[in-house]
Amino acid sequence: MTLYIHATNIHSGGGAELLRALLESGLAKGSVVQVDTRFEYSHGDYEGVTIRKINASIIDRFRAERWLARTCNEYDVVLCFGNLPPLFRCKALVNVFLHNLYLISTVPLGGFPLPARLRLMAERLWFRWRIPDRGRYIVQTPTTRRQFAWWLNHLAPLTATRTPVVVMPFLRGGVELLSQRANSGRDQFVYVASGEAHKNHSCLFKAWLQLAEEGIFPTLHITLHQSSFPELCHDVAELKEKHGVKIINHGWITRQEVDSLYDQCDALIYPSLLESFGLPLIEARRRGLPIVAAELDYVRDVVEPTETFDANSPVSIARAVRRFLNLSDSPVAISDADDFLRQIQQDVA
């Protein structure tokens with residue numbers, strides 16, 4: 001039996017971090033891993049493990065798919081780590097690791113640039129029609145499994161009857177839950193995320209602007225790559241220049257730098273609208289960092305947040321930050337009708 005890890009479209013983000021964890025876990029001799037040439041990993045001791053580097057082109061990925069289908073037999077196991085099942089019929093036992101929820105979502109893709117929108121449309125079709133003959137789908141949380149079950153029953157009913165969906169979360173070293181740090185009174189927040197639309201940076205920035213207009217200036221640390229997300233980076237520069245908002249963009253940073261950033265901050269803030277796992281939530285939980293997060297099911301699947309908010313409301317995000325900072329947020333005073341009439345009469349007089 002040979003294990004094949006097929007990950008030709010993984011090179012960044014949480015998927016890349018999980019793939020590194022697999023590579024460093026001690027793969028059995030004879031295992032074969034197909035990776036994107038852009039994927040960065042430790043070139044350590046992989047004795048007996050074959051790593052095939054695949055260029056990020058349609059032709060090379062097509063060849064990699066053909067090679068996989070021709071090489072595997074019925075005694076082998078394939079782990080498709082890049083969300084998509086094999087393009088061609090595969091005799092092996094196939095595990096499809098799903099962590100891109102856009103593939104099982106009916107969410108419109110209008111917020112994406114045209115190339116990304118076309119790619120996701122093609123991948124949705126691929127995911128729907130290339131059902132493994134033998135195998136299962138793997139997700140990381142019960143919430144994702146429920147979403148997947150809905151998708152299967154409504155959009156792919158034939159698949160729902162024969163392909164199981166199992167919850168199998170993992171992370172390098174597992175997760176040991178630490179007691180949360182006490183709020184030291186400092187105001188350093190961190191959001192480790194790329195700039196895709198579902199990561200919800202725009203709403204988060206509006207919340208920071210609202211806090212600034214109220215005379216509250218917590219620091220927000222983010223990790224947006226300038227060349228990949230120039231519009232969001234421009235928004236950051238404008239907020240800092242015109243409104244004095246404290247946002248520090250660290251750009252792309254290494255794993256060690258991410259850990260250091262967690263250690264210097266007081267809380268993780270997490271406004272993402274859609275996650276299959278939410279890796280930074282697990283990382284914060286592992287380090288005992290308080291979490292201020294969206295009140296969404298995927299969050300409570302993996303952590304118990306200190307404060308929560310409506311991820312679609314900058315006002316709600318700002319209020320959650322104020323609560324974390326122990327700043328009063330009194331609701332508006334409501335008078336009775338007599339007081340109201342008396343007040344407007346005084347104003348006229």
Side-chain angles (χ1 to χ4, degrees), residues 3 5-7 9-10 13-19 21-22 25 77-86 90 92-109 120 123-175 177 193 196-200 270-286 291 293-305 308 311-312:
L3 170 64
I5 299 179
H6 186 57
N9 60 342
I10 296 292
E17 182 64 22
L18 292 175
L19 182 56
L22 287 179
S25 65
V77 175
V78 171
L79 173 58
C80 292
F81 205 71
N83 299 290
L84 298 169
C90 186
L93 181 68
V94 175
N95 296 272
V96 181
F97 191 84
L98 174 69
H99 46 94
N100 183 353
L101 296 189
Y102 279 109
L103 299 184
I104 58 170
S105 171
T106 57
V107 174
L109 303 176
L120 283 169
E123 289 181 350
R124 281 180 171 180
L125 291 173
W126 181 342
F127 189 84
R128 180 172 179 176
W129 296 111
R130 298 310 305 162
I131 303 165
D133 293 322
R134 297 171 55 222
R136 60 187 173 182
Y137 295 101
I138 299 173
V139 297
Q140 298 171 93
T141 66
T143 296
T144 302
R145 181 170 59 184
R146 288 192 294 271
Q147 290 177 271
F148 203 171
W150 180 94
W151 183 88
L152 287 171
N153 288 324
H154 288 78
L155 298 179
L158 294 178
T159 308
T161 62
R162 66 186 175 105
T163 309
V165 181
V166 298
V167 179
M168 296 175 60
F170 75 92
L171 196 62
R172 182 190 290 111
V175 177
L177 180 59
E196 288 83 4
H198 70 278
K199 294 296 185 180
N200 206 22
Y270 211 75
S272 179
L273 300 169
L274 187 72
E275 294 290 339
S276 63
F277 197 25
L279 185 58
L281 293 169
I282 306 297
E283 294 171 340
R285 166 182 160 181
R286 174 185 271 171
I291 296 168
E295 184 55 72
L296 292 170
D297 290 344
Y298 80 81
V299 173
R300 292 192 180 273
D301 276 340
V302 294
V303 297
E304 187 67 31
T308 62
N312 292 302

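Keep in mind that what you see is a predicted model, and the values were worked out from it rather than measured. Values below: all heavy atoms of this structure, side chains included; hydrogens, waters and symmetry mates excluded.
Listed for the Trp126 side chain is a donor-acceptor partner under 3.5 Å among the backbone atoms of Pro85. The backbone N or O of Leu84 lies less than 3.5 Å from no partner atom in the side chain of Arg130, so there is not a single donor-acceptor pair. At least one donor-acceptor pair under 3.5 Å links the side chain of His99 to the backbone N or O of Phe81. For the pair Ser272 (side chain) and Lys199 (backbone), a donor-acceptor distance under 3.5 Å is absent. Side-chain atoms of Asn83 do not come within 3.5 Å of backbone N or O of Leu98 as any donor-acceptor pair.
The structure places OG1 of Thr144 at 10.0 Å from CG of Asp297, a figure rounded to the nearest 0.5 Å. Rounding to the nearest 0.5 angstrom, the gap separating the CD atom in Gln140 from the CD1 atom in Ile282 is 9.0 Å. Note that CZ of Phe97 and NE2 of His6 are 15.5 Å apart. Values are rounded to the nearest 0.5 Å. To the nearest 0.5 Å, the span separating OG1 on Thr141 from CG on Leu281 amounts to 11.0 Å. Taking CG from Leu103 and CG from Leu125, the interatomic distance works out to 10.5 Å, rounded to the nearest 0.5 Å. To the nearest 0.5 Å, the span separating OG on Ser276 from CD1 on Ile104 amounts to 9.0 Å.
Under the 4.5 Å side-chain criterion, counting only non-hydrogen atoms from C-beta, Leu296 is not in contact with Leu274. Two residues are said to be in side-chain contact when any heavy atoms from C-beta on lie closer than 4.5 Å; Arg124 and Ser105 meet this criterion. Proximity of Val78 to Val96: side-chain heavy atoms (C-beta onward) are nowhere separated by under 4.5 Å. Side-chain contact between His198 and Glu275 is present, with heavy atoms from C-beta onward closer than 4.5 Å. Side-chain contact check for Pro86 versus Cys80: some heavy-atom pair is nearer than 4.5 Å. Residues Tyr137 and Ile131 meet the side-chain proximity criterion, which asks for heavy atoms closer than 4.5 Å. Within the 4.5 Å cutoff, the side chain of Leu18 has no heavy atoms near those of the Leu22 side chain.
Asp301 and Thr143 share a donor-acceptor pair across their side chains, judged by distance under 3.5 Å alone.
With respect to the salt-bridge test (charged N to carboxylate O, under 4.0 angstrom), the residues Arg285 and Glu304 do not qualify.
Phe127 has its ring centre less than 6.0 Å from the ring centre of Trp151.
The two residues Val94 and Pro132 have their closest heavy-atom pair at CB-CB, 4.0 Å. Of all heavy-atom pairs spanning Leu19 and Ala7, the tightest one is CD2-CB, 3.8 Å. Pro305 and Val299 make their closest contact through CG-CG1, 4.1 Å (heavy atoms, listed as atom of the first residue, atom of the second, distance).
The side-chain hydrogen bond (donor to acceptor under 3.5 Å, both in side chains) check on Glu123 picks up Arg119, with sequence neighbours excluded. Under the rule for a side-chain hydrogen bond (donor to acceptor under 3.5 Å, both in side chains), the partners of Arg136 that lie at least two apart in sequence or sit in another chain are Asn95.
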Output, in order, the C-alpha distance, side-chain angles, deciding distance and verdict of side-chain contact (heavy atoms from CB on, under 4.5 Å) for Leu101 and Gln147.
-> CA-CA 9 Å; Leu101 296 189; Gln147 290 177 271; 3.7 Å; yes
